[in-house]
Amino acid sequence: MSADTIAPGARVRIRDAEWLVKRTDRTSDGGQVLDVVGLSELVEDQEARFLRELEEDTLEIIDPAETELRQDTSPSFRQSRLYMESLLRKRAPTDEKLHAGHRAAIDPVPYQWKPALQALEQPRQRILIADATGLGKTMEAGILMSELIERGRGKRILVVALKSMMTQLQKEWWSRFTIPLVRLDSRGIQRIRQRIPAGQNPFYYYDKTIISIDTLKRGAEYRTYIEDANWDIVVVDEAQNAAKRGATASQRHRLADQLSRRCDTMIMLSATPHDGSPESFASLMNMLDPTAIANPSDYSREDIDGLFVRRFKGDIKDQVDSAFLDRDIGICAKDSTEEEEAAYETLSGLDFQAIDEEGSGDMLFRTTLEKAMFSSPATCLETVENRIERLEAEEDPAYQHDVQQLRGLAGELREIGPEEFSKYQRLLELLKGPSGLNWDGTDPEDRLVIFSERLETLRFLEEHLQAELDLPEGAIQKLHGGLSDVEQQEVVEAFGKDEEDVRLLLASDIAAEGINLHYLCHRLIHFDIPWSLMLFQQRNGRIDRYGQTEAPQIRYMVTTPKNEDIHGDLRILEVLIDKEQQAEANIDDPASLMGVYDIDEEQKITADAIESGQTPEDFDEDLQEDETDVMELLLGDGDEESERNLEEDVVDPRSLYDSEFEYLGAALRHLNDHKGAGLDFDLYDEDDTVRLTASEEIKERFRRLPDEAWPEDSVFFLSADPDEVQQSIADARKEEHAWPRVQYLWRQHPLSQWAGDKVVANFRRNEAPVLPLSALGSGETIVLCSGNVPNRKGQPVVNEWVGVHFWKDLGPDILSFEEVLEETGLNSGQLSNPAPDLDLGALRDLVPPAVEAARNWMEARRDEKNDQLNEKLNRYLQRLEKLQEEHEQQLEMKYADSDRPASIVEPEKKKERRQIERVFDDFFEWAENTMTIEEEAYIQVIAVLTGLR
């Protein structure tokens, strides 16, 4: 083939050793980097990376026309079938259908395939998955990553997540998709520093990692490492936190924006993707495609089409049947006690003279106190005492009147103990009484989560519930932002594990984003009522999500005061409860009711309603859905999945074996019988399970995989049954070992890939097997070839297997791979090998014309594909040119009416123009490298199939 590009799948000789090319990449100066695995004896199974320009003197590309033939004498052609299957598995899909992700250890729900299918239709796989809470964004991202891995575009992956989410994502993506992410939390970082040389970039040492955004924010060292690394895929979870708010970019936004420029594929996940402003949403879209939006304040759906997918429960309800059960919702109210009422009277009568009226979050301080009191007297007392301490430190006589009032309120609050705290007593009735939840904490599969905004309220509950509920030590755990990343992950893990002692989780709103709490829990209590509808949605979504098997029970705790002012304010919160229920039943997006799409802003709206004395009826009327919401009009009302039969877009790849279990079993037997591997394994046909004790070679293969993926006692249990794996995932939550004991046996498992590499190495460089088959007639021969035409980046664009058919003196003719299978029955599993004497010399004479015929056929396919890509490339380049003009016009408009001196404006303008040019130059270069195909096809002779004489 051309010396321009070496395609994946090629066998090369470098430094007197033989290697299989696994992947090729372009360097910034146009060079080529080869990722290879060793085939010859001294380098067998070793992974290496070569810079081609430094190896040109020793590099040799195998000429397929010189392929030597070896007759296969193994029973049923076991050796050849394994060899062919292992090569077949290395064939990368080049179409836009699903070949891998839908076969992971997940429920086959078509709506979850949509983001991957949409991304694959785009020139570049960059997408925001913005489905509503609980629909399975983690699964959708896993499907897309699996597809890219199958195509050779997912070797290097970086996931950026909240610290509480790292273990959950790491485990989900390994257990269901065998994507091995090394966790770089504080403990993982310490472990890695002990393993890798000082100063080495961990993002190059480990190909696939997960790290928290907070670690990247705080660690200058890791930000430097990011600047020096590139990825195939970057995933940003809870991506709304990386959006740009206002004129100043946050550190999270700057980090995400930097990552967007260091990767080919970017996947963003967010159930709340915008704050109501086009500019904020545009900042996310610009990270996915910086050419798409010229004016962040004025753009259309067409500008961002294909860059996001957004659905609600109502959009996919016809696909999930009973996956989302109706909520059981109740308001648990109790009249205030005399002690509480005294505090309410004092609170409502506060008349500050000197205190700064601003409390927190732009609330008046009186409103801040009321919000704290609605949480608990303990929280209100903490707030009062903190303010008294601050005022007294000022030593300003002007504060004396206000301090005296606060001391009076503090005295009232101290009189409210657990017995006088009505909402707490109502909670006890709810938990212990026969008319309540009747929850006693003895059932390990019936756990409870109680949310409160304030840490002091959580402390109060922890202190008193332990004895009141007669719970053993460890049964109550707190989850809040004051815990370290490791501590947060451990609490979440324990709450979902059957054998752990924890029964009751006291959670602040740090737990409201992303984490799964539904495995053993379907009961959730709001001890204080959120002042934000988005916060309602986030909290409830922890247990009301895909995979919940029980109807979610949600309770709202309310104290009913006699004080009219306080009671009126409380009714504002009751309006929010009602609105959240209406949203769940009707529109699925409660954030659209307030229209600001930001928790802090929603809380401010609620505070403003309270401070202005707005009636509950007027507040309710104000919270009607805005039918002219700009962002919802822009994003649309969700996808009508029924318009497209997604099942037509999935493909089960060709195989010579009936199952993954059959293939791996045959490979392991062969490696022991013919290679003397000495592997310790058992095959259990009844449930398609393999037990395999890791050899030293396998240990080396797993050396850079996450420790959590390594099984106890180095014994792997792998099952090809997705249901069995899902059951193991569920069982793991009942055992001390938190990770599933049974791992998923499919093509992307490292052990399956290891076995494939070992089998490929059975045949020497430039050697192919000969199979005499009874299905072929005398004088009939098929030379089976693979053909690969890559783009400039080394990614396969045309990747096919064909049979070159000879019949006596006729031929060569081309057969598709499907026709070869039909003619020969290679995939029947019932072949017999009589091992006759063959004239290998005569068969060898057919190889050069077969290679030439295969190359001509592949280059014809190349020309067809090239015409398609040229048309696509021209459209894409024309679009880029138009978009660049729009960006430059927008730049001119931005500075047209500036009254600042030209000496200031012109440098700014030139800087922004250079930025525009850089962005578009990068995209022009990417488009040309991706859509320009190399001239020649790489051909490999896979096998020679000949008739019996």
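For the numbers below, each heavy atom of this structure counts, side chains included, while hydrogens, waters and symmetry mates do not.
Salt bridge annotation for K371-E453: present, with a cationic side-chain nitrogen under 4.0 angstrom from a carboxylate oxygen. A salt bridge between K137 and D131 is absent, with no side-chain N of the basic residue lying under 4.0 Å from a carboxylate O of the acidic one. One finds a salt bridge joining D620 and K579 here, because a Lys/Arg side-chain nitrogen approaches an Asp/Glu carboxylate oxygen to under 4.0 Å. The existence of a salt bridge linking K604 and D600 is excluded, since no basic side-chain nitrogen approaches an acidic carboxylate oxygen closer than 4.0 Å. A salt bridge does not link D264 with R153: none of the charged nitrogens is closer than 4.0 Å to a carboxylate oxygen. Look at D528 and R539 and you find a salt bridge, because one of the NZ, NE, NH1 or NH2 atoms lies within 4.0 Å of a carboxylate O, short of that distance. A salt bridge links D95 with R151: the distance from a Lys NZ or Arg NE/NH1/NH2 to an Asp or Glu carboxylate oxygen falls below 4.0 Å.
Taking 4.5 Å as the limit, every side-chain heavy atom of V160 sits out of range of all side-chain heavy atoms of D237. Between N540 and H526 the shortest side-chain heavy-atom distance falls below 4.5 Å. Side-chain contact between I529 and I577 is present, with heavy atoms from C-beta onward closer than 4.5 Å. The shortest side-chain heavy-atom distance between W173 and M145 falls under the 4.5 Å cut-off.
Q748 and E150 share a donor-acceptor pair across their side chains, judged by distance under 3.5 Å alone. No side-chain donor from either of T167 and E493 sits under 3.5 Å from a side-chain acceptor of the other. Using modelled atom types, one finds no donor on one side chain facing an acceptor on the other under 3.5 Å when comparing S283 with S280. Side chain to side chain, S484 and E487 meet the donor-acceptor criterion of an N or O pair below 3.5 Å. With hydrogens and angles left out, the side-chain atoms of D107 and Q112 include no donor and acceptor closer than 3.5 Å.
Residue pairs satisfying the salt bridge (Lys or Arg N to Asp or Glu O under 4.0 Å) criterion with at least one member in residues 238-255, sequence neighbours excluded, are listed as follows: D214-R252, R245-D275.
Counting non-hydrogen atoms of neighbouring residues, nucleotides and ligands closer than 6.0 angstrom, the CD atom of E917 exceeds 12 such neighbours. Within a 6.0 Å radius of CG in D921, more than 12 heavy atoms belonging to other residues, nucleotides or ligands are found.
Seen from the ring of F923, R879 does not count as a face-on cation partner, given the 6.0 Å and 45° thresholds. Geometric assessment of R262 against the ring of W231 yields a negative cation-pi assignment under the 6.0 Å and 45° thresholds.
A donor-acceptor pair under 3.5 Å is formed between the side chain of Y299 and the backbone N or O of P278.
Among T209, I149, I210, T265, the one residue that satisfies the side-chain contact (heavy atoms from CB on, under 4.5 Å) test with I157 is I149. For the salt bridge (Lys or Arg N to Asp or Glu O under 4.0 Å) with E140, the lone residue among K114, R176, R311 that qualifies is R311.
A centroid separation of less than 6.0 Å is found between the aromatic rings of H887 and F920. Residues Y556 and F536 place their aromatic rings such that the two centres sit under 6.0 Å apart.
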*Just do the side-chain hydrogen bond (donor to acceptor under 3.5 Å, both in side chains) check on E172 and N516 with the steps written out, would you?*
CA-CA 11 Å; E172 286 284 285; N516 292 331; 4.7 Å; no
